[in-house]
**Student:** 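First the structure, then my questions, so here it is.
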Amino acid sequence: MFIETPILPYRLHCPEAVWQFPCREGEKTVYLTFDDGPIPEVTPHVLDILDTYRIKATFFMVGDNVRRNPALLSRILEAGHSVGHHTMNHLQGMRTGTFTYLRNALAAAQLTGSTLFRPPHGFIRRRQARALSRRFTIVMHSVVTRDYNSSLSPEHIFDNVKRYCHPGAIIVFHDSLRAWPRLETALPRIIEWLISEGYEFRTIHSKNER
Ligand SMILES: [Zn+2]
């Protein structure tokens, strides 16, 4: 459970970030997010699934994937989804010098035209977070589906959402080759379950746009 839902010390490490959204009494909103795309092998299928249910999500894109697949960025924006950036090369903040990290993140921001940022691997140094939060809204998560873990079944991914989802939750999926074998089966089931539970799907926007 330490992976699926962030514990307090982890959240306090990045207090600038949005970890979940507030909900009024009785309100049930949920924010689906997809990291690491866009790639032609997976992202179009995710978009088709979202279209089937007429719901919108937020995509945190790796700049290098956007550079290779600009048409997918256009398709995502035209479909009404929200877009954020996730560094150019999926850098791990703890293992990367601050200057290099910031430069890499800024390049991805330019390419996507977004002011939403999510740090790869969910980790970022304090100095990096402080610097980036001046220009961007840092978006973390409150539910990690672990769809990237090949030792888990689609059922397990579905159960993670059922167990940890809550009103205002930000749920992390991945439109990646590694996650797709589980996501393909789990995503429609998760969406149907969220609908049956009365959740309303929303997209994430930067603090300035809200
Ligand atoms: Zn990532």
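Scope of the values below: all heavy atoms of this structure, side chains included, with no hydrogens, waters or symmetry mates. As the structure is a prediction and not an experimental result, all values here were calculated from the model. Just so you know, ligand 1 is whichever comes first in the structure, and atom 1 is the first atom listed for that ligand.
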**Student:** First locate atom CD of Glu41, then atom CH2 of Trp180, and finally report the distance between them rounded to the nearest 0.5 Å.
**Tutor:** 11.5 Å
**Student:** Can you tell me how far the CZ atom of Arg189 sits from the OG1 atom of Thr185, to the nearest 0.5 Å?
**Tutor:** 8.5 Å
**Student:** Has Lys162 got its NZ or CZ under 6.0 Å from the middle of the six-membered ring of Tyr164, at an angle within 45 degrees of the ring axis?
**Tutor:** no
**Student:** Under the criterion side chain to side chain donor-acceptor pair (under 3.5 Å), which of Thr137, Thr87, Thr33, Thr58 is the partner of Arg118?
**Tutor:** Thr33
**Student:** Less than 4.0 angstrom from a charged side-chain N to a carboxylate O is my criterion; do Glu27 and Arg202 meet it?
**Tutor:** yes
**Student:** Looking at residues at least two apart in the chain, or sitting in another chain, which of them share a salt bridge (charged side-chain N to carboxylate O under 4.0 Å, His left out) with Arg103?
**Tutor:** none
**Student:** Around the Zn ion (ligand 1), how many protein N/O/S atoms fall inside 2.8 Å?
**Tutor:** 3
